Amino acid sequence: MQSKITKVLQHMAHTHEQMARILDAERHVAVRMSQIVHDLPDADPGFDGISGMIESSTQVNKNIIAYLNALADLEEAMAEGVGRVIKELNGQEEE
């Protein structure tokens, strides 16, 4: 039984590592997009006027929110997985 738990933990760790890599890539995109928005001049630069700038800013904000939500989902998935393993280990100790 211990080897099964070890294998499950190894698979969970690998899955979490892959999820973290995806989130890191998303983070780089969100950071770069926010840098681009920050570098835009305060005056109307001629990029479809104010409405175009507002639309671009909205898209950046949506990407940042999506990244933070994905990060929260990762944390929740990791907590659930570790919780299940701890329950299993506690059940073995009682036997």
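Along the sequence shown, residues carry numbers from 1. The model shown is predicted, which means the values in this text are computed figures rather than measured ones.
Between the NZ atom in Lys7 and the CD atom in Gln10 there is a gap of 8.5 Å [rounded to 0.5 Å]. For the atom pair OG1 (Thr15) and CE (Met78), the distance works out to 11.0 Å, reported to the nearest 0.5 Å. Atom-to-atom distance recorded for Leu68:CG and Asn63:CG is 11.0 Å, nearest 0.5 angstrom. Here the OG1-NE2 distance, from Thr6 to His11, works out to 11.0 Å after rounding to the nearest 0.5 Å. To the nearest 0.5 Å, atoms CD1 (Ile54) and CG (Asn61) are separated by 11.5 Å.
The stretch residues 17-29 participates, sequence neighbours left out, in these side chain to side chain donor-acceptor pair (under 3.5 Å) pairs: Gln18-Arg21, Asp24-Arg27, Asp24-His28. Within the structure, no pair that satisfies the salt bridge (charged side-chain N to carboxylate O under 4.0 Å, His left out) test touches residues 57-77, not counting sequence neighbours.
Cluster partners of Val82, using a side-chain heavy-atom cutoff of under 4.5 Å among ILVMFWY residues and allowing indirect links, are Ile86.
Val31 and Leu71 are members of different hydrophobic clusters when ILVMFWY side chains are connected at heavy-atom separations under 4.5 Å. With hydrophobic clusters built from ILVMFWY side chains whose heavy atoms lie under 4.5 angstrom apart, Ile65 does not share a cluster with Tyr67.
In terms of heavy atoms, Leu23 sits closest to Ala70 at CD2-CB, 3.1 Å. When every heavy atom of Met19 is checked against every heavy atom of Ala77, the shortest pair comes out as CE-CB, 4.3 Å. Residues Ile64 and Ser34 share a closest heavy-atom pair of CD1-CB, 4.4 Å.
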Legend entry - Step-by-step side chain to side chain contact (heavy atoms under 4.5 Å, CB included) determination, Arg84 to Val8: CA-CA 10 Å; Arg84 288 180 186 149; Val8 168; over 6 Å; no

